[in-house]
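Notes follow once the structure below has been shown.
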Amino acid sequence: NAGVTQTPKFRILKIGQSMTLQCTQDMNHNYMYWYRQDPGMGLKLIYYSVGAGITDKGEVPNGYNVSRSTTEDFPLRLELAAPSQTSVYFCASSYTEYGYTFGSGTRLTVV
Amino acid sequence: GQQVMQIPQYQHVQEGEDFTTYCNSSTTLSNIQWYKQRPGGHPVFLIQLVKSGEVKKQKRLTFQFGEAKKNSSLHITATQTTDVGTYFCAGPKAGTASKLTFGTGTRLQVTL
């Protein structure tokens, strides 16, 4: 049972480039989330989804997009990378409100 | 919007000493959850408290949920080096049960 899998683990982007952070879960969870964590800081919600075909903005959605075509997958898209998007990105999933399961994260640097 | 603050931001203890982190929300929470994040790792779910005044124990860890459901605490008895990490509380935003607002975190350092 893999849980929540994120790829890639590390990435360096140049300003203006685009990329997709992949997230997949095999626990049949309806709820999925994307958080970012800046160095030494807490977690801020970017986007979340309560089920396939349904997504909504979190606290810091600007510069990001998501889609949820299946229960398993919840990719996060950065269209025009900026240095302010340098962060660690965590994907998480949950059955309801009880206990999130986090992926191991993607460390992104924008130069 | 909802804010969840934790104090202290950082604590350094000697192994064997006790440790407590406090969590305060600007709004009433339907439940409070605690997570631990090891250095370089990802948050791992520890426990959920639902009832007003609830107390739960996990070995050396004791969790409390305040009577007003706006505050919580985590107490570790006789810390060990394996307790090193950042402890986050998190609670659902008002109006949604599934979307958590995470606290600012308390980083615990334990030395021999």
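Throughout, protein chains are lettered first and strands after them, A, B, ... in sequence-line order, and every chain is numbered starting at 1.
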### Task
Can you establish whether the number of heavy atoms outside B/Tyr22 located under 6.0 Å from its atom OH is more than 12?
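No, because the 6.0 Å sphere around OH of B/Tyr22 holds 12 heavy atoms or fewer from other groups.
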### Message
Can you tell me if A/Ile15 has over 12 outside heavy atoms packed within less than 6.0 Å of its CD1?
### Response
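It does: A/Ile15 CD1 has more than 12 such atoms within range.
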### Task
Check each of A/Tyr31, A/Tyr33, A/Tyr100 against A/Ser94 using the side chain to side chain donor-acceptor pair (under 3.5 Å) test, and report the only one that passes.
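With A/Ser94 as partner, side chain to side chain donor-acceptor pair (under 3.5 Å) holds for just one option, A/Tyr33.
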### Task
Please report the C-alpha distance between B/Thr77 and B/Arg60 in whole Å, then the side-chain angles of each, then the deciding distance to 0.1 Å, and finally whether the side chain to side chain donor-acceptor pair (under 3.5 Å) criterion is met.
CA-CA 5 Å; B/Thr77 303; B/Arg60 295 177 295 104; over 6 Å; no
### Query
Between B/Gln37, B/Arg107, B/Gln6, B/Gln9, which residue shows the highest count of heavy-atom pairs closer than 4.5 Å to chain A?
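If we count pairs closer than 4.5 Å to chain A, B/Gln37 comes out on top.
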#### Entry: Part of B/Tyr35 lying under 4.5 Å from any heavy atom of chain A
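Answer is side chain: those atoms of B/Tyr35 sit under 4.5 Å from chain A.
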### Query
Under a 4.5 Å heavy-atom cut-off, does chain B meet the side chain of A/Phe102, its backbone, both or neither?
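Looking at A/Phe102, backbone and side chain both touch chain B.
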